[in-house]
Amino acid sequence: MRLRFAPSPTGYLHVGGARTALYNWLLARQSGGSFILRIEDTDLSRSTEEAIEAIMTDLRWLGLDWDEGPDAGGEHWPYRQTGRYALYHEAALRLLREGHAYRCFCSPEELKERREAALREGRNPMYDRRCRSIPEGEAQRLEEEGRPYALRFRVPEEGETAVRDLIRGEVVFRNREIEDFVLLRNDGTPTYNLAVVVDDIDMRITHVVRGDDHLSNTPKQLLIYHALGKEPPAFAHLPMIVGTDGKPLSKRHGDVAVGYYREAGFLPEAMINFLALLGWSLDDSTTIMDRETLVANFGLERVSSKPAVWDTDKLYWMNAQYIMAMDEEGLAEAIRPFLVREGLLAEGDEEGMERLRHAVPLIRERIKVLADAVPLLAFLFREVETAEDSREFLEGDENRAVLREAGKRLLELERFDAESIESALRAMVEGMGLKPRKAFQPIRVAVTGSKVSPPLFESMELLGRERCLQRIARALEGSERRGSRVR
RNA sequence: GGCGCAUUAGUCUAGUUGGCCUAGGACGCCGCCCUCUCAAGGCGGAGAUCGCGGGUUCGAAUCCCGCAUGCGCUACCA
């Protein structure tokens, strides 16, 4: 099997495109075939180089590697339509020569006018085929005069064109409902329908797996295949991914760019798993599946035909599952750039990295995305400032007594490890007749700066006795200062 | 306006040939347990008259017809 992902480079890769790419990739890998990246940039005004780079970056991050593409080479290089005009012209010329296409001298302006008029009057806005009947001699003469023209496909007036879709079954279109669409614009550039067919033929694509929005275009493409005497590939049209309001995905629905999820600290494996399940299922109960399982089991037969809503709740959960399954070293490495980005850890700080490695087990099940590690671990990498919503735990005589006593007991400890800290503090709590819940909170706030933190005793061990005592003393001083002022 | 596609709980879905579906699983939500906070984990719960209306049948989420709603295409966009 030879499959392709053919984005138009008009922006970043969004999750719908990522899923399309994934399904194509899965089929290619499963079959031992090829996955091809092709850039559909026939719309010069909207395509950019940055977009091409961004799309490739996102695909690589997801681990969707391609065998042929703009950067990978291959016999059809450059794998972008702007570099393959000669091919399209050749095909267009042949269609013209063999009577499957004709020159249309209507200007875009008049077409637009006629269209709007038709719509206004409730008529079918289809092209009226007026240039279709211009005799060839006449048309050639007009061409020689230098009259600009577009090339249109001569759609048969009778019969029907059936799309055999691997997901939806046979979808039939009456040819009379299909308009004489443009193949070549009057500036000589090819349109999508021509370019896509020529490329898919040339690249020997066997299966076209793409979004639902192309289903209505498929009969046109089929017509071109037939006119060219070529066997069309198999088609599969995936349901769209829509927003929570059922409308097509857009920025309005929050974050739909793959890059956003990368920067928020989602793992590519979780992304892949989640995307795969958006429209496909293995069975009635399996949700967590690694890449190998997907490659082995994916199939178009189990792709749903109903649009899926982009709702990230499950993605967060799934990402947490993948995080919990990572080993400590790997997770520490994954978190590192996020700490660096926030200025908490220097690039080559080995000592800091060691602390991170020890901290990982403490936060592993407390984070859903890698970026969540930052606020949880900040206290290990810089001095704390007590969070607004946590200050109350430092105020009052009782809390001050806890801090004072804790400082004393910790100072006396022989070994400053979690176990010793815990038993010392628990003994203290008991001696003071307090509830553990109540007594540990001020210490937590003093040491970590927040009422929410990784487990206290382990955190304290990691921080070290000296810094713990410093922070407790500092918190106590501040509290006493404020306490006496009130008095 | 025309043509096409879709329609199972808030969400992702199972349900392939009609009976084993008193519609299964997962996320989310609620409650309880565990507990130094937050999580994680364990247990339990609510939530779907299978878009609506007809039919076929002993029996339909599953087959047929109509309707409604949503989306797509209808571009010298892709």
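Residue numbers begin at 1 in each chain, while the letters A, B, ... track the order of the sequences. The structure displayed is predicted, hence computed values, not measured ones.
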Indicate whether any N or O donor in one side chain lies under 3.5 Å from an N or O acceptor in the other, for A:Asp187 and A:Thr189.
yes

Distance check needed: B:U37 C1' versus A:Ile367 CD1, whole Å only.
17 Å

Between B:A78, B:C38, B:G28, which one does the side chain of A:Arg46 approach most closely?
B:A78

Mind calculating the distance between CG (A:Asp284) and C1' (B:C21) to the nearest angstrom?
13 Å

How is A:Lys435 classified with respect to the nucleic acid when contacts are heavy atoms under 4.0 Å: base, sugar-phosphate, or nothing?
nothing

Evaluate the criterion side-chain contact (heavy atoms from CB on, under 4.5 Å) for residue pair A:Val171 and A:His237; output intermediate values, then yes/no.
CA-CA 11 Å; A:Val171 182; A:His237 290 93; over 6 Å; no

Straight-line distance of A:Arg465 CZ to A:Leu410 CG, nearest 0.5 Å
7.5 Å

A:Arg176 CZ: over 12 foreign heavy atoms closer than 6.0 Å:
no

In terms of side-chain heavy atoms of A:Arg302, which of B:G15, B:A78, B:U7 is nearest?
B:G15

For B:C38, the Watson-Crick or wobble partner whose two distances fall under 3.5 Å
none

Taking the basic N atoms (NZ, or NE/NH1/NH2) and the acidic carboxylate oxygens, is any pair closer than 4.0 Å for A:Arg409 and A:Glu405?
yes

Between the side-chain atoms of A:Ser285 and the base atoms of B:G24, is any donor-acceptor pair under 3.5 Å?
no

From the candidates B:C71, B:U37, B:G2, the one with an atom nearest any side-chain atom of A:Glu177 is B:G2

Does OP1 or OP2 of B:C71 have a side-chain N or O of A:Lys247 closer than 4.0 Å?
yes

What residues 14-21 of chain A contributes to the RNA chain B interface at heavy-atom separation below 4.0 Å is none

Whole angstrom is fine here: how far is it from CZ in A:Arg80 over to P in B:A78?
15 Å

Expressed in angstrom and rounded to an integer, what is the separation of A:Arg168 atom CZ from B:C71 atom C1'?
11 Å

For a quick test of reading the model: is some side-chain N or O of A:Thr191 closer than 4.0 Å to OP1 or OP2 of B:C76?
no

Distance between the P atoms of B:G18 and B:A61, in whole angstroms?
13 Å

Check this for me, if you would: do A:Asp212 and A:Arg168 make a salt bridge, where the nitrogen-to-carboxylate-oxygen distance has to be below 4.0 angstrom?
yes

Select base, sugar-phosphate, or nothing to describe what A:Met324 touches, counting heavy atoms under 4.0 Å on all strands.
sugar-phosphate

B:C76 P sits how many Å from A:Arg103 CZ, rounded?
19 Å

Roughly, in whole Å, what's the span from CG in A:Leu249 to P in B:G70?
18 Å

Can you tell me the base-pairing partner of B:G10? Count Watson-Crick or G-U wobble geometry only, both distances below 3.5 Å, and say none if there is no partner.
B:C27

Would you say the side-chain atoms of A:Arg210 and A:Thr218 include a donor-acceptor pair closer than 3.5 Å?
yes

Any A:Lys438 side-chain nitrogen or oxygen under 4.0 Å from OP1 or OP2 of B:U37:
no

B:C76 base to A:Asn186 side chain: any donor-acceptor pair below 3.5 Å?
yes

Does any nucleotide pair with B:G59 by Watson-Crick or G-U wobble geometry, both distances under 3.5 Å, and what is it?
none

A:Glu170 CD to B:G4 C1', in whole Å, measures 14 Å

Closest listed nucleotide, where the reference is the side chain of A:Arg437 and the choices are B:A26, B:G1, B:U37:
B:U37

Pick the P atom in B:C12 and in B:G28, then give their distance to the nearest Å.
15 Å

Taking atom CD of A:Glu170 as the centre, report whether more than 12 heavy atoms of other residues, nucleotides or ligands fall under 6.0 Å from it.
yes

Ignoring backbone atoms, test whether A:Lys306 places a side-chain nitrogen or oxygen under 4.0 Å from the OP1 or OP2 oxygen of B:U8.
yes

Side-chain N or O of A:Arg123 less than 4.0 angstrom from OP1 or OP2 on B:G2?
no

Whole-Å distance between B:A6 P and A:Leu215 CG?
9 Å

Side chain of A:Trp317 (C-beta onward), nearest among B:C3, B:G28, B:U11
B:G28

Within a reach of under 6.0 Å around CD of A:Glu419, are more than 12 heavy atoms found that belong to other residues, nucleotides or ligands?
no

